[in-house]
Amino acid sequence: MELRISSKRFTMHKEMDVFDAGGTLRYHAWSELMQLPVNETVIEDATGTEIARICPKQFSLLRSINTVTMADGTTFSLSRDPLGFNIRFEVPELGWELTGKSILACEFEIKDATGIVARIRKQSCAIMADYDVDIPHETDVERVVAIAVVLKQFLIRGQGAATAPAAPA
C-alpha cells in the first residue's frame, strides 16, 4: 500500500491529510495550534472515526516524548532528542524499530523481526514537503500512519529522535 502525507498550510489547526495512490483521502490528522494544557494530535479515518491520539509531554527544553494511543487501546511512545544526528525509534510494544541515516537523509524504515514493515520518504528537503509511505504487506497501516505523523511533526520542528521507553498503560 502506498500513501502520501500532505500538510495543509495556512489553517487555524496543524493539519495533515493522508491519501492513497489513487488520490483518495484515507486519514486526516489535526491539532489545535493553541490547545492547552497540551497540543494533542488526533488522527481520523476518512469517515471521521478516531484511530489514534498523539499526546506530547515535554520533559525539558531538549527532550519530549509523544505517547500514541490507538483506538484499540494499544499505547506506545516515541521521543525526540534535538542533539541527535541519527534518527532511531524503538517501539518495544510492537517489536518495531524505525531507523534513518540522518535528519538530512529524509528516508526511514520501520522493521520488525521478520523484515520491513514500512518505508517513509520525504519528497524534498522543504520543511512542509509531502511524505511517501510504502507499506509492502499492508499490515498495521493505522499504526504506521500514526508513526509517520509523529515523524513528520518531529522533522518539521527540525528535531532528531532517540529511543524512549514506553509510557505506562
Side-chain angles (χ1 to χ4, degrees), residues 1-5 16-21 26-31 38-46 49-60 62-123 130-169:
M1 170 177 283
E2 294 180 12
L3 301 172
R4 173 163 294 160
I5 301 176
M16 296 179 213
D17 286 331
V18 181
F19 300 95
D20 63 20
R26 296 288 304 262
Y27 303 98
H28 176 74
W30 59 272
S31 56
V38 295
N39 191 13
E40 288 185 335
T41 299
V42 175
I43 304 173
E44 301 170 336
D45 66 15
T49 302
E50 184 175 316
I51 64 151
R53 186 170 292 264
I54 303 165
C55 182
K57 294 181 182 177
Q58 191 74 32
F59 285 98
S60 72
L62 297 178
R63 186 172 177 88
S64 70
I65 293 179
N66 285 265
T67 301
V68 179
T69 304
M70 302 301 297
D72 66 5
T74 305
T75 301
F76 55 92
S77 296
L78 303 167
S79 73
R80 65 177 163 82
D81 175 1
L83 303 177
F85 292 102
N86 292 322
I87 302 266
R88 183 167 184 227
F89 295 119
E90 286 183 358
V91 187
E93 303 88 342
L94 304 177
W96 290 0
E97 175 182 83
L98 180 142
T99 56
K101 294 179 184 175
S102 73
I103 295 171
L104 300 176
C106 301
E107 291 188 37
F108 309 91
E109 288 184 339
I110 299 173
K111 296 180 182 179
D112 65 10
T114 63
I116 295 174
V117 174
R119 290 183 182 92
I120 303 168
R121 183 179 64 84
K122 189 174 178 184
Q123 288 188 341
D130 290 349
Y131 282 65
D132 292 325
V133 180
D134 178 31
I135 309 168
H137 305 294
E138 299 188 16
T139 57
D140 292 310
V141 173
E142 293 177 349
R143 287 178 177 83
V144 170
V145 168
I147 289 172
V149 167
V150 172
L151 178 64
K152 184 168 169 119
Q153 290 175 337
F154 284 164
L155 294 178
I156 285 173
R157 293 181 201 125
Q159 306 295 327
T163 303

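Residue Phe108 holds its CZ atom at 4.5 Å from CG of Leu151, rounded to the nearest 0.5 Å. Considering CD of Glu109 and CZ of Arg121, their distance stands at 13.0 Å, rounded to 0.5 Å. Atom-to-atom distance recorded for Ile43:CD1 and Tyr27:OH is 9.5 Å, nearest 0.5 angstrom. Residue Asp45 holds its CG atom at 10.5 Å from CD of Glu50, rounded to the nearest 0.5 Å. A distance of 4.0 Å separates CG in Asp140 from CH2 in Trp96, rounded to the nearest 0.5 Å. With values rounded to the nearest 0.5 angstrom, Ile110 atom CD1 is found 11.5 Å from Arg119 atom CZ.
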_Intermediate values then yes/no, side chain to side chain contact (heavy atoms under 4.5 Å, CB included), Val133 and Val145_ = CA-CA 8 Å; Val133 180; Val145 168; 5.9 Å; no
| query | Would Asp134 and Asp132 satisfy side chain to side chain contact (heavy atoms under 4.5 Å, CB included), going step by step from the backbone distance to the final call? | reply | CA-CA 7 Å; Asp134 178 31; Asp132 292 325; over 6 Å; no
Self-check item: Criterion side chain to side chain contact (heavy atoms under 4.5 Å, CB included) on Val68 and Val149, from CA distance to verdict
Solution: CA-CA 10 Å; Val68 179; Val149 167; over 6 Å; no
For this session: Run the numbers on Arg143 and Asp72 for side chain to side chain contact (heavy atoms under 4.5 Å, CB included), then give the verdict.
Result: CA-CA 11 Å; Arg143 287 178 177 83; Asp72 66 5; 2.6 Å; yes
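In this structure, Ile54 and Val150 approach most closely via the heavy-atom pair CD1-CG2, 3.6 Å. Here the closest heavy-atom approach between residue Lys152 and residue Asp130 is recorded as NZ-CA, 4.1 Å. Glu40 and Ser31 get closest at one heavy-atom pair: O-CB, 2.8 Å. Contact between Glu93 and Thr75 at its shortest, heavy atoms only, is CG-O, 3.5 Å. Of all heavy-atom pairs between Met70 and Ala52, the closest is SD-CB, 3.7 Å.
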